[in-house]
Structures are given as structure tokens and as C-alpha cells.
Amino acid sequence: MKLKKIVILGTGGTIAGRAASASDNIGYTAAQVGIEQLVAAIPAMAQAGPVLLEQVAQIDSKDMSFAVWEQLARRVNYFLARSDVAGIVITHGTDTLEETAFFLQSVCQPDKPVVLTCAMRPATALAPDGPQNMLDAIAVSRHAGAKGVVAVCAGTIHSALEVQKVHTYQLDAFSSGDAGPLGYVEEGAVRLLRNWPTGLQGQARIAIRNRANSTTMPDWPHVEIVMNYAGASGAMVEALLAQGVQGLVVAATGNGTLHHSLEAALLKAQAAGVKVIRATRCLNGRVLPKPGDTLPDSKGLTPVKARVELMLRLLA
Ligand code: SIN
């Protein structure tokens, strides 16, 4: 039987980064090497089966934009609809990978695998991690039954719903928090621990998916993140209200607690019609709702994912 294609979409990041010296793992420029060159530099890709390459963007993911997200969602939807395509691998910077993964799972809800991969060391490093991550991502995208948006880094598979960057430097930079990883890739074999990501169904998602399929640019709502900390005030919220902010996610302390000054400003914003969501700045756990809560919780989403969710909800 003819092996189906894996589409590899390049968006930049450290995996495509270049440094002046091979011993420099941090003083590099991200998003320099094109996807063709990146794949050509991995000899083992010759055994990966047929691949189709496309450069969707070439950016440092700290600069991720709504325009790139929309283009990515369009290309993902286009390739997933093709019967000759088994799955998609997306090379992406690590810094906002979790947001893109959550966005794509929300708007595309793929029933084929969409695997985001990355690197913590540039392509020019003495021992780059990108090539192995790419091979592992291909293995996941070719795994029978794989579906949904996942991230693959350092031999670990994370669901788009839980993946979070937790380290600034180490190669194993991602965690799935309390949920634990989805699985591992070991010598090209996938060892699955949990089910592939599904969910995020609903009218809002369908509306967004239709928009992502269209060529018109949606007007993204203005949603910002504010944080609670010792001595927090309502100043940021007041400033954002003056700018006409439509949604606010607060990275609260602990189990959703807020300095009384910040809470007062958020309640004022909510009363004025701004959607306010309470997430936690804690790395693990979630805000557990209590009777009488005045600000809704993020239902386990981290602040950055709660922001994506809120923007999509407001868009729909
Ligand atoms: C980026 O996010 O594009 C740069 C950092 C990285 O990929 O590790």
C-alpha cells in the first residue's frame, strides 16, 4: 500500500535558528533556516516516507501574530482534508508553542495528527536537538490512530490542552502538569499513556473553524492578561478599561485569590461588560470554584490558554 504523505509546515523558532559559533546555544537568531534546508540536513528523513514541505512563516515565536495563526489554521485545514495526507508536523518556536497548539486544537479539532515540534538549541549547535525532535514528530504523525494537536519535544508527547513550557534552557522544556504526558517516543516507537486530545466541541468552535477556512480576516477581540502579586493594584485594569478592552484574564495567586484592590477593579470591569476569567499563576493545579465566586474560573486552563479560549469565544 502506498504510504501517505506527512506535511511539514515551517514557522521558524530556534529549531531553525543560527548562531555564529557551534558552541553558542543561546546567542543565536531564531528562524533563519528554511524548512527545505532543515529537513535536508537530517539524513534519517530519507526513511521517513513521503513528505511535503511548506514554509508558512519564518518568525521567532515571541512575535507570533493572529495573521500567522489564521494562515496556519487555513493550511492545516487544507492539508487535513486531503486523502493523500496522513498527518501534519509543524516546526515552531518553543516560547509560544503552547498557545499555537491550543489555538489549532480549538479551531481545527483534527481527526488526524497535527504535531508541533521545536528545539531548545539552534540548528547550528554542536549537538542540536531539532533533528531528533523532528524524527520523533514524524513517528507520532505516522502512528496508527493518532489524532488531535500534540507537541513533541525531548522524546515526550504532550496534549495541546495541557502542554506548557516550564524551562528556559533545558532540552526537556515542556510539561503537561498534573495530567502528565500523553506518551513517549522511544527509538521511533510511540508508547501511549493517555488518549489523544479531543473535545473543545461546540458552536463557537465550529464558527471559528469556518472563519479559519475563509480568506477573510476576523477582527480579533482585545483580551489582555493581568497578574496578582504582593501590592497589586487596579491600575492596569483601569488603564485597559480606558482603552476599551473586551476581555481580561487574571493570573491569580494560589486557588484564584486576588488582592482586594485588583479584585475591585476586575469586578468593576465585569460590571461594565468586560468578560473576566480567573486562572492561576501556579504551575500545577487549577482554580477550584467555590460557592459565591463572583469571577468565573478558567476551568483548568493556564492564563495564556484561557486568553486564547476567551478570544475565540468573543470572536464567535
Ligand atoms: C522561539 O520561540 O521562536 C524562540 C525560542 C525557541 O524556539 O526555543
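Read the numbers this way: they start at 1 and go in the same order the structure lists the ligands and their atoms.
Among the atoms of Ser61, some N or O lies under 3.5 angstrom from an N or O of ligand 1. For ligand 1, the polar-atom distance check against Asp60 finds a nitrogen or oxygen pair separated by under 3.5 Å. For a threshold of 3.5 Å applied to N or O pairs, the pair formed by Thr14 and ligand 1 contains at least one separation below that value.
The aromatic rings of Trp69 and Phe103 sit parallel, their planes meeting at an angle under 30°, below the 60° perpendicular limit.
In summary, of the residues considered (Val149, Thr11, Leu116), a side chain to side chain contact (heavy atoms under 4.5 Å, CB included) with Thr100 occurs for Leu116 alone.
Taking a 6.0 Å sphere around CG of Leu288, one finds it holds more than 12 heavy atoms contributed by other residues, nucleotides or ligands.
Between Glu238 and Lys268, at least one side-chain nitrogen of the basic residue sits less than 4.0 Å from a carboxylate oxygen of the acidic one, meeting the salt-bridge criterion.
Distances below 4.0 Å separate heavy atoms of Gly93 from the following atoms of ligand 1: 1 (C), 2 (O), 3 (O), 7 (O). Short contacts between ligand 1 and Asp95, defined as distances under 4.0 Å to a heavy atom of the residue, involve ligand atoms 2 (O), 4 (C), 5 (C).
Under a 4.5 Å side-chain heavy-atom cut-off, the cluster of Ile, Leu, Val, Met, Phe, Trp and Tyr residues that includes Leu267 is completed by Val226, Met236, Val237, Leu240, Leu241, Val245, Leu248, Val250, Leu258, Leu262, Leu266, Val274, Val276, Leu295.
Looking from atom 8 (O) of ligand 1 to the surrounding protein, the closest heavy atom is Thr94 OG1, 2.4 Å.
The backbone of Ala119, and not its side chain, has at least one atom closer than 4.0 Å to an atom of ligand 1 (non-hydrogen atoms only; backbone = N, CA, C, O).
Residues Val76 and Ile59 share a hydrophobic cluster, clusters being chains of Ile/Leu/Val/Met/Phe/Trp/Tyr side chains in contact below 4.5 Å.
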